[in-house]
Amino acid sequence: MNDGNSSSPLGAEGLNNKNSTSSSTDLGPKDLNSSLGAKGYSNTTATLALAKASFRSIMRSPSAVVFTLAFPLIFILVFGFLGGGGTRIDVGVKPGSDINNPVIAMLSKTGMIRLVMDKSQADFDKLLEKGNVDAMIDVHKKVNSVAYSVNVVYTSASRDKGGILKSVLNNVFYNKTLKPTVAEIKESTITGREYKTIDFILPGQLGFSLLSTGVFGTAFVFLSLRQTLVIKRFFATPVKRSSIVIGEAIARIGFALIGALFIILIGHFFFGFTLVHGALTVLNMLILGTMGIIVFMGFGFIISGIAKTESMVPPISNIVTLPQFLLSGTFFSIEAFPSWLQPISRALPLTYLNDAMRKVAFEGSGLWDVKFQIMILMIWGIVIYAVAVKVFKWE
């Protein structure tokens, strides 16, 4: 969870040059010439120079790359491969059962049911006890009847899949090819978009990547700049405080969005992550990502202000990130949590970023459709930056 980016990106680019003879050389010769120019000092150019220096340093930091790209990508790969096949139900066919009947034939065609044969009764009993087989079925044709007798044994070790199997069997027995029609049954099917595991996991991992980048990166950087007196040396130059903050923000947002785009494309082309409106959906997700990381950077400013040493940054940052990682619907829907825990989950900013991204990606919602989630993020941003202004220290 620890970004570990304790080095100063600005200092790494010559902002803390020990060989410099004056404070104006802190930006380095090239950055100094670009920021001053022929007509004098330019605050905009200085801000961009700081952003460029910070971005280069972030790209050279292995820990930043690992925790922004590799860490969420590993989870996406794992859940992408595990969840690609959907739900599987293993159903044992009892020895001696009639296997040449319409019931078995239709079950084998469902796609989600895998029929397990060639096992003894003793083997099936053990498999049922352990939950390695979700149910056992025995099908026989009734005497002097065209109907079939179906005996199903479920196991308490696999209640969820047993419930799914019950629904499948009920649907099978309503099929007119399996029993005489007593009443006319009209059925229709609405074609829907398949909701895959990756459609839930990827937005959650993307949100946590932005959270980690914003909190850990910002906290480490500004604490390091303050401790190494780089910020103090800036005060001897025309560089404004706003340029330092904006420059670092531009670099960190740019790096985070590049990582987000990479993760989205990997998920889409390799695991079928749903992007309803294609490029427009990607753009909306990146806009939401920008809002999210700006809010999360506020946590980083607060932590850099209250931490006395770099060793204090990881534990404080984990206090901020771990609850959101676990409770904001990153891996599981918050509906699965106990009722007393759900209000806590619904109070966290990452919950609303994850929810907005899922709605945009899978449901095809626009930014206006997720205005409630955006409003909550904005409220969090106002509160966080109000606190950051109070506790942030320049020296």
Are [X] and [Y] packed together at the side-chain level, in the sense that at least one heavy-atom pair is separated by less than 4.5 angstrom?
{"X": "Trp380", "Y": "Phe296", "value": "no"}
{"X": "Val91", "Y": "Asp134", "value": "no"}
{"X": "Gln324", "Y": "Leu211", "value": "yes"}
{"X": "Ile334", "Y": "Arg346", "value": "yes"}
{"X": "Phe372", "Y": "Tyr352", "value": "yes"}
{"X": "Leu257", "Y": "Leu261", "value": "no"}
{"X": "Ile376", "Y": "Gln373", "value": "no"}
{"X": "Arg252", "Y": "Val221", "value": "yes"}

Ionic contact status for Glu248 with Lys52, cut-off 4.0 Å: no

Considering non-hydrogen atoms only, spot the tightest contact between [X] and [Y] and give its length.
{"X": "Leu353", "Y": "Leu210", "value": "CD2-CD1, 4.1 Å"}
{"X": "Val313", "Y": "Ala219", "value": "CG1-CB, 3.8 Å"}
{"X": "Ser317", "Y": "Ile303", "value": "OG-CD1, 3.5 Å"}
{"X": "Arg114", "Y": "Asp90", "value": "NE-OD1, 2.8 Å"}

Apart from Val153 itself, what residues make up its hydrophobic cluster when side-chain heavy atoms of I, L, V, M, F, W and Y under 4.5 Å apart count as a link, directly or indirectly?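 In the cluster with Val153 are Val116, Phe124, Leu127, Leu128, Val133, Met136.
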
If two hydrophobic side chains count as joined below 4.5 Å and joins carry through other members, does Ile287 share a cluster with Phe362?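 Linked within one cluster.
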
Are Met378 and Ile384 co-members of a hydrophobic cluster defined by side-chain heavy atoms under 4.5 Å apart?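 Same hydrophobic cluster.
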
Do Asp123 and Ser120 have a side chain donor and acceptor closer than 3.5 Å? yes

Hey, are Thr330 and Ser328 close enough side-chain-wise for a donor-acceptor pair under 3.5 Å?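 Note: Ser328 and Thr330 side chains miss the donor-acceptor criterion.
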
Do Phe332 and Phe337 have their ring centres less than 6.0 Å from each other? no

Do Ser224 side-chain atoms and Phe220 backbone N/O form a donor-acceptor pair below 3.5 Å?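 Absent.
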
Take atom NZ of Lys126 as the centre, draw a 6.0 Å sphere, and report whether it contains more than 12 heavy atoms from other residues, nucleotides or ligands. no

According to the interplanar angle, ranging from 0 to 90°, do the rings of Phe301 and Phe392 count as parallel (below 30°), tilted (30 to 60°) or perpendicular (above 60°)?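 Ring orientation of Phe301 relative to Phe392: perpendicular.
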
